[in-house]
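To keep things clear, I will list the structure first and then write my remarks on it.
Just so you know, residue 1 is the first one in the sequence shown, and it goes up from there.
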Amino acid sequence: MSLAKKFTAPKGTILFSPGQECPGFLILKQGCIKVTLTGSSGREVVLYRVHPGEVCLQTFTCLIEDQTYAAEGVVEEDLQGDLIPAGQFRQVMQQDENFRNTVLTSVALRFSEYQQLIEDVALTGFDARLAKVLLRLVDATGVVHVTHTALAAETASGRAYVSRRLAEFARRSLVEQLPDGIRICNTAELAQISEQK
C-alpha cells in the first residue's frame, strides 16, 4: 500500500460535507466518524458510524461513481489512518486482491446495516428505537451524554417527540433526565423494550 499517505484528524473535524469532492479512501486505524444526512427541513439523521476496519459508503460511492458527497462526516474520536488518493483508488482495487476483498466485504456489511436502519425506521416502534439507541450510547457510568436533538438524529425522529418519550420513560423509572444527559435506571426493561416491534 505504498500509495497511501498517513492521515490524522482531531475530534470535531468535518471530514466531508454535501457537494464536496472525495479526496481519497481512508483506511481507518483509530477513531470514529459519524455520517449524517440533513434534510431541507434541517432535520438530521445519523446514517452510520465508521470504525477501524469499516468502510464509509459515502466515500466508496463517490470514488466508484465519480460523485460528490451527499452527507456529512464528522470526527467523533481522534482519527489515525492511511489515505489512498482518489486518483489511485481504482488502481489499488484492481491490483491488490486482499484490499479489494476487504473493501467489498465491508461494503456488504454496511449495506446490511442500512437495511437494518430502514427496517428499524419503517417497521419498529419508536420506543424500541429509542431504547436501542440509549443502550448503545450509554457509558460505563450508566449515563448517555447526548442532547434530545442528538437523540432525534440517532432515532430518525423529531426532538419534541424524543422529549415526550423520555419524559414517559422517566415517569416509568426507566431513565432519569440529568442536566448533561440521561441516566439509565432499568437496563433490563429497556432491553426488553428495544426488542419489541
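- Taking the six-membered ring for Trp, F99 and F25 have ring centres closer than 6.0 Å.
- Placement of V138 and V143 in two distinct hydrophobic clusters is found when ILVMFWY residues are connected by side-chain heavy-atom separations under 4.5 Å, directly or transitively.
- Considering only heavy atoms from C-beta on, V50 stays 4.5 Å or farther from L26 through its side chain.
- Other residues, nucleotides and ligands contribute more than 12 heavy atoms inside 6.0 Å of the CD1 atom of I64.
- Side-chain N or O atoms of D139 include one that pairs as donor or acceptor with a backbone N or O of G142 at under 3.5 Å.
- Between the side chain of R129 and the main chain of T155, a donor-acceptor pair closer than 3.5 Å is present.
- C185 and E176 get closest at one heavy-atom pair: SG-N, 3.6 Å.
- Here the straight-line distance linking atom CG of L130 with atom CG of L151 works out to 6.5 Å at 0.5 Å rounding.
- Atom CD of Q67 sits in a crowded spot, with more than 12 heavy atoms from other residues, nucleotides or ligands closer than 6.0 Å.
- In this structure, Y48 contributes its side chain and L57 its backbone to a donor-acceptor pair below 3.5 Å.
- Between G53 and S106, the closest heavy-atom pair is O-OG, 3.7 Å.
- Of the charged side-chain nitrogens involved, none lies within less than 4.0 Å of a carboxylate oxygen, so that R165 and E168 do not count as a salt-bridged pair.
- Nearest heavy-atom pair across L166 and V175 is O-CG2, 3.9 Å.
- Atom-to-atom distance recorded for Q177:CD and H148:NE2 is 4.0 Å, nearest 0.5 angstrom.
- For the pair I84 and I27, the minimum side-chain heavy-atom distance is below 4.5 Å.
- Put simply, V74 and F7 are part of two different groups of oily side chains (I, L, V, M, F, W, Y) that touch within less than 4.5 Å, one to the next.
- Electrostatic pairing of D82 and K6 counts as a salt bridge here, judged by a charged N lying under 4.0 Å from a carboxylate O.
- More than 12 non-hydrogen atoms from other residues, nucleotides or ligands lie less than 6.0 angstrom from CZ of R110.
- Residues S173 and N186 have side chains not in contact (no heavy-atom distance under 4.5 Å, counting atoms from C-beta outward).
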Evaluation steps, salt bridge (Lys or Arg N to Asp or Glu O under 4.0 Å), between R159 and E44: CA-CA 10 Å; R159 189 196 60 76; E44 182 183 76; over 6 Å; no

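- Here CD of E65 is found 9.0 Å from CZ of F60. Values are rounded to the nearest 0.5 Å.
- Both L190 and I182 are members of a single hydrophobic cluster when ILVMFWY side chains are connected at heavy-atom separations under 4.5 Å.
- Contact detail for S157 and V162: the closest heavy-atom pair is OG-CG2, 3.5 Å.
- F111 and L63 end up in the same hydrophobic cluster when Ile, Leu, Val, Met, Phe, Trp and Tyr side chains are linked at under 4.5 Å.
- Distance check, rounded to the nearest 0.5 Å: CG of L178 to CZ of R183 gives 5.0 Å.
- Considering OG1 of T105 and CD of E54, their distance stands at 13.0 Å, rounded to 0.5 Å.
- Counting all heavy atoms, side chain and backbone alike, G31 lies closest to L28 at O-CD2, 3.8 Å.
- With hydrogens and angles disregarded, no donor-acceptor distance shorter than 3.5 Å links the side chain of E154 to the backbone of V133.
- The residue from L104, D96, T102 that alone fulfils the side-chain contact (heavy atoms from CB on, under 4.5 Å) condition with R100 is L104.
- V45 and L137 are assigned to two separate hydrophobic clusters, defined by single-linkage of ILVMFWY side chains at heavy-atom distances under 4.5 Å.
- R49 contributes no side-chain N or O that, together with a main-chain N or O of K34, makes up a donor-acceptor pair within less than 3.5 Å.
- At a threshold of 4.5 Å between non-hydrogen side-chain atoms, the residues Q20 and T68 do not count as touching.
- Ring pair Y69/F16 is parallel by interplanar angle, where below 30° counts as parallel and above 60° as perpendicular.
- Exactly one residue among T59, T13, L79 makes a side-chain contact (heavy atoms from CB on, under 4.5 Å) with I33. That residue is L79.
- Q58 contributes no side-chain N or O that, together with a main-chain N or O of E72, makes up a donor-acceptor pair within less than 3.5 Å.
- For the atom pair OG1 (T61) and CG (D66), the distance works out to 11.5 Å, reported to the nearest 0.5 Å.
- Scanning both residues, A71 and V35, for their nearest heavy atoms gives CB-CG1, 4.0 Å.
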